[in-house]
2 protein chains.
Amino acid sequence: MTNTTYHVGIEATMAVLSGKWKPVLLCLIQSGNNRNGSLLRALPDVSQKVLTEQLRQLVSDGILERIDYNEKPARVEYHVTEYGSSLTKILMSLCHWGEQDIRRKQAAGVSVSLGTAL
Amino acid sequence: MTNTTYHVGIEATMAVLSGKWKPVLLCLIQSGNNRNGSLLRALPDVSQKVLTEQLRQLVSDGILERIDYNEKPARVEYHVTEYGSSLTKILMSLCHWGEQDIRRKQAAGVSVSLGTAL
DNA sequence: CTGTATCCTTATTGATACTG
DNA sequence: CAGTATCAATAAGGATACAG
């Protein structure tokens, strides 16, 4: 019953992306890194708890789908849904912008760098 | 000296956009709502403190410029810089995506709506 | 009008241990 | 391997009062 009213459309988008790791997760999953363990290894600073939480929220928002192969040992994969890809396409632009911004800041003497997790 | 290392470009972007109100602020300012008071009125839930903080961070990241007309009573305007517009262009896509997502959720029975602050 | 300065509350995230 | 549960830490934001 708690009606959420936004002022501008982007608030709804940011609600879906809210969470420290969601944008990165989407980029990684989009490029084929789609399992719990390998995501944990790619992002050493995310905790198991938060990883699960944010993946589940993306699933419940229709951006990701969770595929459980019912194997032993457990095997689960996350994939971007067709609907989700309408969002991840834009995220790729943001990714590119970020890369340029890093270069810009480096040129300005700021100490930032970009490792390769992709 | 604290070197920041990102894994994926989008982390740098999200660092620039981090803060509950920054994306909305950019949309509003882009469309001509560029003063402290009118932004406060358009977003009744942002506090003066946070508004100032986030505007200043956007200025220091080169996305906005702050123009002080040195009048009395004080008059200050915020404008998107040319560099910033490379980012706000993408934000407009996110804005549009959010509008569609709201409709999608409404169709699914979720109680969300979009007021008009623009 | 446009902000600063404090203090306080809430939201998010992290660490760790344990289960199917 | 994938995930849950619990507790502790931190970050982020809000309320209020005051200043140029």
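Here is the naming used below: chain letters follow the sequence lines, and residue numbers restart at 1 for every chain.
Atom-to-atom, CE of M14(B) to P of dT12(C) comes out at 14 Å; the value is rounded to the nearest Å. The CG-C1' distance, from L51(B) to dA5(C), rounds to 16 Å in whole Å. For E53(A) and dT12(C), the CD to P distance is 10 Å, given to the nearest whole Å. Nucleotide dT4(C) holds its P atom 11 Å from the CG atom of L55(B), rounded to whole Å.
Salt-bridge check for D61(B) with K105(A): passed, with a basic side-chain N closer than 4.0 Å to an acidic carboxylate O.
More than 12 heavy atoms of other residues, nucleotides or ligands lie within 6.0 Å of CD in E71(A), so this atom counts as buried by the packing criterion.
Of the possible polar contacts, none joining the Q100(A) side chain to the H96(A) backbone as a donor-acceptor pair under 3.5 Å is found. Using a distance-only test at 3.5 Å, with no hydrogens or angles considered, no donor-acceptor pair links the side chain of Q54(B) to the main chain of L51(B). A donor-acceptor contact shorter than 3.5 Å links the side chain of K22(B) to the backbone of S18(B).
In the helix from dC1(C)-dG20(D) to dG20(C)-dC1(D), the end axes, each obtained as the rotation axis mapping the C1' atoms of four pairs onto the next four within a five-pair block, lie 50° apart to the nearest 10 degrees.
Counting only N and O atoms by type, the side chains of D101(B) and Y83(A) include a donor and acceptor under 3.5 Å apart.
By the ring pair (Phe, Tyr, Trp, His ring centres under 6.0 Å) test, W21(A) pairs with no residue at all, sequence neighbours left out. Listed by chain and number, the residues in a side chain to side chain contact (heavy atoms under 4.5 Å, CB included) with I67(B) are E65(B), Y69(B), H79(B) (sequence neighbours excluded).
Within the nucleic acid shown, Q54(B) comes within 4.0 Å of sugar-phosphate atoms alone, with no base atom in reach, counting heavy atoms only.
Less than 4.0 Å separates DNA chain D from at least one heavy atom of each of the following residues of residues 56-70 of chain A: R56(A), R66(A).
A 4.5 Å side-chain heavy-atom check between R35(B) and V76(B) finds every atom pair outside the cut-off.
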Got a list of protein N/O to nucleotides 15-20 of chain C N/O distances below 3.5 Å?
none

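Residues I10(B) and C27(A) approach most closely at CG2-SG, 3.9 Å, considering heavy atoms.
Under the 4.5 Å side-chain contact rule for hydrophobic residues, M92(B) and L91(A) do not share a cluster.
Along DNA chain D, read 5' to 3', the first and last nucleotides having any atom under 4.0 Å from a heavy atom of chain A are dC1(D) to dT6(D).
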